[in-house]
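Here is the structure we will look at.
Lettering of chains follows the sequences in order, A, B, ..., and the numbering in each one begins at 1.
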There are 2 protein chains.
Amino acid sequence: MSNSEGLVPPGADPLTCCVPLSREPISPEQAATVVPMLKAIADPARLRLLSLVLSHEGGEACVCDLLPHFDLSQPTISHHLKVLHESGLVDREKRGTWVYYIARPEAMAAMAGLFTADTGARTAVDA
Amino acid sequence: MSNSEGLVPPGADPLTCCVPLSREPISPEQAATVVPMLKAIADPARLRLLSLVLSHEGGEACVCDLLPHFDLSQPTISHHLKVLHESGLVDREKRGTWVYYIARPEAMAAMAGLFTADTGARTAVDA
DNA sequence: CGTCAATGTTGACAGCCGTCGATGTGTGGC
DNA sequence: GCCACACATCGACGGCTGTCAACATTGACG
């Protein structure tokens with residue numbers, strides 16, 4: 001996987017950069033920071049994986065919970081989870097034999113913030 | 001462009017299907033409906049194009065307004081605008097020689113709705 | 001009607017991406 | 001120590017995607 005794409009640029013924080021798209025034109029640098037997260041969820045399997053993790057008890061799930069929901073091979077699911085993790089959308093935590101993936105609320109808020117109408121009301125995450 | 005991907009499935013409405021990802025696991029069918037919009041903005045050029053249109057006066061802009069912001073060729077910009085349009089994110093309107101692209105508020109609201117925390121507070125755009 | 005300006009379409013090509021089978025790594029149990 | 005299990009990594013392959021140059025189309029304007 002090349003360093004030039006698919007991974008968030010080092011030093012840039014996609015969580016604090018996210019002003020609504022409608023407020024002002026997003027800069028190329030900001031775009032490059034947010035795009036990896038968007039690419040991560042712009043795939044049916046990964047979108048479902050994220051939704052499964054988010055809606056699972058405690059906002060976390062282990063790979064063994066997720067696998068049965070798909071017709072894909074285990075390496076493929078593992079690959080997709082890696083993409084979700086490297087984009088900053090989910091955290092990884094190993095507990096014994098199992099690995100748990102945990103959704104990051106800040107990342108969700110950052111995504112939602114991109115699409116707010118920017119007319120009066122704001123999401124809880126601008127500060 | 002194959003019909004199996006990149007285009008919203010006929011008969012499905014991505015605007016009304018969008019329950020927050022965290023409320024319940026999104027179905028494969030729902031995922032297939034939303035993914036084209038996500039794919040559309042999961043590209044630096046297209047994300048910037050959408051932001052430029054959204055933040056432009058009246059939420060609309062003609063191609064000639066957009067071209068100067070990029071180092072890409074005109075056919076490439078035209079291609080990206082086509083993707084944005086076919087995904088349902090922007091509308092097209094021809095006025096004389098110029099073509100205007102207009103952001104669709106419902107689509108923005110649908111995107112924002114995907115990422116709402118679904119715990120009490122909601123975004124200003126769920127109607 | 002001919003020309004120019006603005007935009008879309010086509011065809012081609014290189015690079016990326018999703019998928020798999022095979023294999024590696026670490027953990028717990030007997 | 002050894003085996004079974006959960007998960008990650010690797011290498012390969014086919015299809016999709018972003019990009020461009022060349023060309024087509026449409027409308028304005030003399």
Side-chain angles (χ1 to χ4, degrees), chain A residues 1-8 28 31-32 35-50 52-53 60-87 90-102, chain B residues 1-8 28 31-32 35-50 52-53 60-87 90-102:
Chain A
M1 201 169 292
S2 80
N3 187 27
S4 63
E5 186 138 17
L7 205 52
V8 42
V35 157
M37 287 204 286
L38 291 170
K39 272 193 195 302
I41 55 173
D43 175 275
R46 289 197 292 264
L47 186 65
R48 289 182 58 208
L49 280 169
L50 179 60
L52 282 165
V53 169
E60 62 178 44
C62 76
V63 183
C64 57
D65 292 328
L66 304 170
L67 269 178
H69 290 86
F70 296 85
D71 282 336
L72 301 171
S73 69
Q74 175 266 323
T76 299
I77 297 296
S78 190
H79 162 68
H80 285 313
L81 288 169
K82 184 180 184 179
V83 173
L84 285 173
H85 178 235
E86 286 181 336
S87 73
V90 301
D91 271 335
R92 262 193 67 182
E93 194 171 316
K94 191 163 189 174
R95 300 179 196 158
T97 311
W98 296 272
V99 174
Y100 284 76
Y101 284 86
I102 305 131
Chain B
M1 201 170 293
S2 79
N3 188 26
S4 62
E5 186 138 17
L7 204 55
V8 42
V35 157
M37 286 203 286
L38 292 170
K39 273 193 194 301
I41 54 174
D43 175 275
R46 289 196 293 263
L47 186 65
R48 289 182 57 208
L49 280 169
L50 179 61
L52 282 165
V53 169
E60 61 178 44
C62 77
V63 183
C64 57
D65 291 328
L66 304 169
L67 269 178
H69 291 85
F70 296 85
D71 282 335
L72 301 171
S73 69
Q74 175 267 323
T76 299
I77 298 295
S78 189
H79 162 68
H80 285 314
L81 287 169
K82 184 180 184 180
V83 173
L84 285 173
H85 177 235
E86 286 181 336
S87 74
V90 301
D91 271 335
R92 261 192 70 182
E93 194 170 318
K94 191 163 188 175
R95 300 179 196 159
T97 310
W98 296 273
V99 174
Y100 284 77
Y101 284 86
I102 305 131

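- The backbone N or O of A/Ala42 sits less than 3.5 Å from a side-chain atom of B/Lys39, completing a donor-acceptor pair.
- For the side-chain contact (heavy atoms from CB on, under 4.5 Å) criterion with B/Val90, the lone passing option out of B/Leu49, B/Val83, B/Ile102, B/Leu84 is B/Leu84.
- At a threshold of 4.5 Å between non-hydrogen side-chain atoms, the residues A/Cys64 and A/Trp98 count as touching.
- Stacking of B/Arg92 on the aromatic ring of B/Tyr100 is not recorded, the 6.0 Å distance cut-off and the 45° axial limit not both being met.
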Quick one: do A/Leu52 and A/Phe70 satisfy side chain to side chain contact (heavy atoms under 4.5 Å, CB included)? Show the steps, please. CA-CA 11 Å; A/Leu52 282 165; A/Phe70 296 85; 3.7 Å; yes

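- Atom pair B/His80:NE2 and D/dC20:C1' shows a separation of 11 Å (rounding to whole Å applied).
- Counting to the nearest Å, the P atom of D/dC16 and the CG atom of B/Asp43 are 18 Å from each other.
- Rounding to whole angstrom units, NZ of residue A/Lys94 and C1' of C/dG28 are separated by 12 Å.
- At D/dG27, none of the side-chain N or O atoms of B/Thr97 fall inside 4.0 Å of OP1 or OP2 (strictly under the cut-off).
- For A/Ser73 and A/Gly96, each mapped to the nucleotide of DNA chain C holding its nearest heavy atom, the one lying further toward the 5' end belongs to A/Ser73.
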Can you tabulate the close N/O pairs, meaning under 3.5 Å, that link protein atoms to atoms of nucleotides 10-15 of chain C?
none

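- Across all strands shown, A/Arg95 has no heavy atoms under 4.0 Å from either base or sugar-phosphate atoms.
- Residue-level contact check: A/Leu81 touches neither bases nor backbone, having no heavy atom under 4.0 Å from any strand.
- For D/dA6, the OP1/OP2 oxygens have no side-chain nitrogen or oxygen of A/Tyr100 closer than 4.0 Å.
- One finds a side-chain N or O of B/Thr76 lying less than 4.0 angstrom from the OP1 or OP2 phosphate oxygen of D/dC20.
- One N or O donor and one acceptor, one from the side chain of A/Gln74 and one from the base of D/dA8, sit under 3.5 Å apart.
- The distance from atom CG of A/Leu67 to atom C1' of D/dA8 is 12 Å, rounded to the nearest whole Å.
- Rounded to a whole Å, the CH2 atom of A/Trp98 is 17 Å from the C1' atom of D/dA8.
- The CG atom of A/Asp43 sits 11.5 Å away from the CG atom of A/Leu50 when rounded to the nearest 0.5 Å.
- Counting non-hydrogen atoms under 4.0 angstrom, B/Phe70 reaches nothing in the nucleic acid.
- For A/Asp65 and D/dA6, the CG to P distance is 11 Å, given to the nearest whole Å.
- Within the structure, a side-chain polar atom (N or O) of A/Arg46 is placed less than 4.0 Å from OP1 or OP2 of C/dG18.
- The CD atom of A/Glu86 sits 12 Å away from the P atom of D/dA8 (whole-angstrom rounding).
- Judged by distance alone, with hydrogens and angles left aside, the side-chain atoms of B/Arg46 form a donor-acceptor pair with the main-chain N or O of B/Ala40 at under 3.5 Å.
- The CD1-C1' distance, from A/Ile77 to C/dG18, rounds to 11 Å in whole Å.
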Mind running side chain to side chain contact (heavy atoms under 4.5 Å, CB included) on A/Gln74 and A/Leu67 for me, showing each step along the way? CA-CA 7 Å; A/Gln74 175 266 323; A/Leu67 269 178; 4.0 Å; yes

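- In terms of phosphate contacts, A/His79 brings no side-chain nitrogen or oxygen within less than 4.0 Å of OP1 or OP2 of D/dT9.
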